[in-house]
Amino acid sequence: MLHTARARVLADLVAGDVAQADVVSLVEDSVTQRRWWVEQWPDGSSFVAGLVAQDVQDALLEKYGRWPLCPVCPTGDPHALEVEPELGPDPHWVCHKAGVKVASVGSLAAVTGGKRRS
């Protein structure tokens with residue numbers, strides 16, 4: 001599950017064209033921390049992809065700004081998507097402004113065409 005979570009979050013970073021080495025290191029840091037979490041709570045392993053996505057999103061916010069930017073709302077202030085459920089299986093990115101599910105974690109390329117909103 002950890003490898004799958006890593007791959008899914010990396011796919012979304014690539015889709016947003018933000019998968020530089022320092023950002024990939026944030027993913028690796030999260031996976032390392034979540035490994036301990038999964039060892040303590042094996043039944044929660046299906047939640048790891050959403051947790052890693054949230055970890056990376058939080059780390060990016062602190063260092064660079066919001067990610068991933070919403071591809072659904074073409075006008076107005078740029079805003080980030082959020083992971084739902086916060087702790088659960090089948091995590092997906094949602095736009096709370098539009099009230100829509102945008103993509104599963106790992107599938108942002110399908111809605112962004114691999115391009116971030118500028």
Side-chain angles (χ1 to χ4, degrees):
M1 291 305 255
L2 289 165
H3 295 294
T4 300
R6 179 185 182 278
R8 289 173 72 178
V9 173
L10 286 174
D12 286 345
L13 290 165
V14 168
D17 196 27
V18 293
Q20 292 81 16
D22 57 336
V23 176
V24 172
S25 292
L26 299 173
V27 177
E28 299 302 332
D29 291 345
S30 175
V31 169
T32 298
Q33 293 171 5
R34 293 300 173 178
R35 180 171 288 115
W36 176 87
W37 187 84
V38 170
E39 289 170 357
Q40 301 305 307
W41 189 37
D43 291 342
S45 64
S46 63
F47 306 165
V48 171
L51 292 169
V52 171
Q54 290 174 58
D55 292 346
V56 171
Q57 186 178 41
D58 291 345
L60 281 171
L61 181 60
E62 289 178 21
K63 291 186 175 200
Y64 302 104
R66 294 172 288 206
W67 173 85
L69 292 179
C70 180
V72 175
C73 300
T75 59
D77 291 331
H79 55 278
L81 300 173
E82 295 182 30
V83 175
E84 284 194 0
E86 287 187 25
L87 185 62
D90 188 30
H92 47 274
W93 296 107
V94 299
C95 171
H96 284 282
K97 187 174 181 180
V100 297
K101 177 180 173 182
V102 176
S104 294
V105 169
S107 300
L108 277 178
V111 293
T112 65
K115 297 177 184 160
R116 62 182 165 169
R117 180 180 161 195
S118 39

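The CD atom of E28 sits 6.5 Å away from atom CG of L10, with the distance rounded to the nearest 0.5 Å. A distance of 3.5 Å separates SG of C95 from NE2 of H79, quoted to the nearest 0.5 Å. Note that CG of L69 is 11.5 Å distant from CG of D77, once rounded to the nearest 0.5 Å.
In plain terms, the two heavy atoms of V24 and A19 that are nearest each other are CG2-O, 3.6 Å. Here the closest heavy-atom approach between residue A53 and residue V83 is recorded as CB-CG2, 3.9 Å. C73 and K97 make their closest contact through SG-CD, 4.3 Å (heavy atoms, listed as atom of the first residue, atom of the second, distance). Of all non-hydrogen atoms in D90 and S104, the two that sit nearest each other are OD1-OG, 4.1 Å. When every heavy atom of P91 is checked against every heavy atom of R8, the shortest pair comes out as O-NH2, 3.8 Å. Of all non-hydrogen atoms in V48 and A5, the two that sit nearest each other are CG1-CB, 3.6 Å.
The cluster map of Ile, Leu, Val, Met, Phe, Trp and Tyr, joined by side-chain heavy atoms under 4.5 Å apart, puts L61 and L81 in different clusters. W36 and V52 end up in the same hydrophobic cluster when Ile, Leu, Val, Met, Phe, Trp and Tyr side chains are linked at under 4.5 Å. Under the 4.5 Å side-chain contact rule for hydrophobic residues, L60 and V27 share a cluster.
Two residues are said to be in side-chain contact when any heavy atoms from C-beta on lie closer than 4.5 Å; V56 and D12 fail this criterion. When side chains are defined from C-beta on, V111 does not count as touching W93, because their heavy atoms never get closer than 4.5 Å.
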- Message: side chain to side chain contact (heavy atoms under 4.5 Å, CB included), that's the test. Do K101 and E84 meet it? Break it down for me.
- Response: CA-CA 9 Å; K101 177 180 173 182; E84 284 194 0; over 6 Å; no
- Message: If you apply the rule side chain to side chain contact (heavy atoms under 4.5 Å, CB included), what do you find for V31 with V9, and how did you get there?
- Response: CA-CA 10 Å; V31 169; V9 173; over 6 Å; no
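Pairs of residues two or more places apart, or lying in two chains, that qualify as side-chain hydrogen bond (donor to acceptor under 3.5 Å, both in side chains) and include a residue from residues 45-67 are D22-Y64, S30-D55, R34-D55.
At least one donor-acceptor pair under 3.5 Å links the side chain of T112 to the backbone N or O of L108.
Classified by interplanar angle (parallel below 30°, tilted 30° to 60°, perpendicular above 60°), the ring pair W41/F47 is perpendicular.
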